[in-house]
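So the structure is just underneath, and the comments pick up after that.
In what follows, chains carry the letters A, B, and so on, assigned in the order in which the sequence lines appear, proteins first and then strands, with residues in each chain numbered from 1.
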There are 2 protein chains.
Amino acid sequence: MSVNSTHKDALFKLQHAGISNTSRRLAVLSILLKAKKPLNVSTIRRLLEGKCNIDKVTVYRTLSLFRKRGIIREIATTSGANYFEIASQENSLHPHFSCRNCGEITCLDPLSFTHAAKLIFSKHDYSIDHIEINISGLCTCCRNSSKKSFYKQEE
Amino acid sequence: MSVNSTHKDALFKLQHAGISNTSRRLAVLSILLKAKKPLNVSTIRRLLEGKCNIDKVTVYRTLSLFRKRGIIREIATTSGANYFEIASQENSLHPHFSCRNCGEITCLDPLSFTHAAKLIFSKHDYSIDHIEINISGLCTCCRNSSKKSFYKQEE
DNA sequence: TAATTATTGCAACTCGGTTGCATTTTTGAT
DNA sequence: ATCAAAAATGCAACCGAGTTGCAATAATTA
């Protein structure tokens with residue numbers, strides 16, 4: 001994908017999500033659109049160097065906004081840093097592989113659960129230590145409760 | 001399970017893993033054995049108050065040791081804090097549900113992937129925002145490379 | 001253009017987790 | 001039991017991820 005089409009894609013996504021297109025937002029979104037794998041904040045900032053002056057706070061606020069609007073997905077790791085990837089139809093929900101040696105996170109094929117299970121347990125090219133499935137949302141208790149968000153407010 | 005049998009179970013697990021049974025390790029392991037859900041470090045420390053004087057560093061080192069020896073599993077969350085649960089035959093690999101409102105993490109049934117997929121997509125009692133599958137280990141590159149662990153050393 | 005609102009940067013902070021080192025406890029040989 | 005070596009623990013200081021408050025700047029809109 002050319003730089004220009006990435007830029008157009010970013011513009012379209014912001015517009016579609018009803019977010020005004022500032023230079024920083026376009027820059028962050030373009031980085032994620034061009035990425036082949038999930039990125040953490042320090043990597044995003046490194047990739048932005050030279051292209052765009054941007055404070056780390058702005059990066060966090062931008063990513064948080066993108067996540068709330070469904071433009072990106074946030075991926076938890078035990079390393080402390082969270083990773084981010086584009087969430088779109090073309091980039092559907094898929095498992096991630098994180099290497100315990102280099103820390104790199106790569107995307108696995110978005111196969112069906114059945115197929116994925118087979119693939120996972122036949123171990124293919126990776127040596128697998130640990131498989132984790134995390135599901136997040138609202139628990140029954142919080143769903144039925146009138147009191148709101150004492151943990152983490154979402155609009 | 002009685003306090004006494006938890007204590008015996010903890011002793012057995014430490015012995016089986018070849019870890020010497022100190023008072024702190026027994027205390028931490030007992031907390032996890034009694035827990036019905038994964039716990040983070042701040043919760044573990046709160047539950048230890050009064051029972052056992054223990055520094056946070058010791059808690060982290062103890063949990064790290066347990067994880068390396070396969071006694072416990074570490075669960076990543078986007079909240080920043082990692083959670084820990086007993087890893088045993090009885091407590092097999094299973095999905096976790098984390099509530100975006102209260103932050104609590106609960107365990108889901110360790111069903112087959114196929115069954116789990118059905119359950120997940122029929123949504124049962126939770127309102128689901130996001131499903132995440134994380135697999136960790138060694139990538140092909142690091143597996144074949146002679147240079148070792150520039151990221152996170154594991155013995 | 002002026003006024004209002006949204007975005008950004010800066011500084012300071014919180015919190016999870018780690019490191020170095022000194023002290024205490026455990027272990028194991030005698 | 002005793003003593004030396006090794007392991008475990010605590011303390012202080014630190015690091016990095018992420019957040020908050022507020023002032024300054026940029027973008028909207030009347």
Figure out the [atom1]/[atom2] separation between [X] and [N], and round it to whole Å.
X	N	atom1	atom2	answer
B:Asn40	C:dT14	CG	C1'	15 Å
A:Arg45	C:dC10	CZ	C1'	12 Å
A:Leu14	C:dT7	CG	C1'	13 Å
A:Leu65	C:dT7	CG	C1'	11 Å
A:Asn21	C:dT8	CG	P	10 Å
A:Asp55	C:dC13	CG	C1'	14 Å
A:Phe66	C:dT7	CZ	C1'	13 Å
A:Leu29	C:dT7	CG	C1'	16 Å

Between [X] and [Y], is any pair of side-chain heavy atoms under 4.5 Å apart?
X	Y	value
B:Lys37	B:Tyr83	no
B:Ile19	B:Lys13	no
B:Lys56	B:Arg45	yes
B:Ser98	B:Thr77	no

Nearest to side-chain heavy atoms of [X], which nucleotide of [options]:
X	options	value
A:Ser42	C:dG17, D:dA8, D:dA17	D:dA17
B:Ile54	D:dA17, D:dG10, D:dA8	D:dG10
A:Val57	C:dG9, D:dT20, D:dC11	D:dT20
B:Arg25	C:dG16, D:dA8, C:dT8	D:dA8

Legend entry - Base of C:dG17 paired with side chain of B:Arg61 (donor-acceptor, under 3.5 Å):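 Absent.
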Legend entry - Under 3.5 Å donor-acceptor pair, A:Lys56 side-chain atoms to D:dG18 base atoms: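 Side chain to base: pair present.
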Regarding [X], tell me which of base, sugar-phosphate or nothing describes its non-hydrogen contacts under 4.0 Å with the strands shown.
X	result
A:Ser20	sugar-phosphate
B:Asn53	sugar-phosphate
B:Asn82	sugar-phosphate

Legend entry - 5′-ward residue of the pair B:Gly80/B:Arg24 relative to DNA chain D: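 Its nearest nucleotide being more 5', the pick is B:Arg24.
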Legend entry - DNA chain C: 5'-proximal contact among A:Ser23 and B:Phe84 (nearest heavy atom):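 Residue closer to the 5' terminus by nearest nucleotide: A:Ser23.
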Inset, instruction - May I ask you to evaluate whether A:Tyr60 reaches the phosphate of D:dG18, defined as a side-chain N or O under 4.0 Å from OP1 or OP2? - result: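 So the side chain of A:Tyr60 is within the cut-off, an N or O lying under 4.0 Å from OP1 or OP2 of D:dG18.
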Inset, instruction - Respond yes when some side-chain nitrogen or oxygen of B:Thr22 is under 4.0 Å from OP1 or OP2 of D:dA7, and no when none is. - result: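 Negative; the distance criterion is not met.
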Inset, instruction - Starting at CG of B:Leu29, measure out to OG1 of B:Thr62 and round the result to the nearest 0.5 Å. - result: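 OG1 of B:Thr62 is found 10.0 Å from CG of B:Leu29.
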Inset, instruction - Hey, could you give me the CG/CD1 distance between B:Leu26 and B:Ile31, rounded to the nearest 0.5 Å? - result: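 Rounded to the nearest 0.5 Å, the CG-CD1 separation comes out at 11.5 Å.
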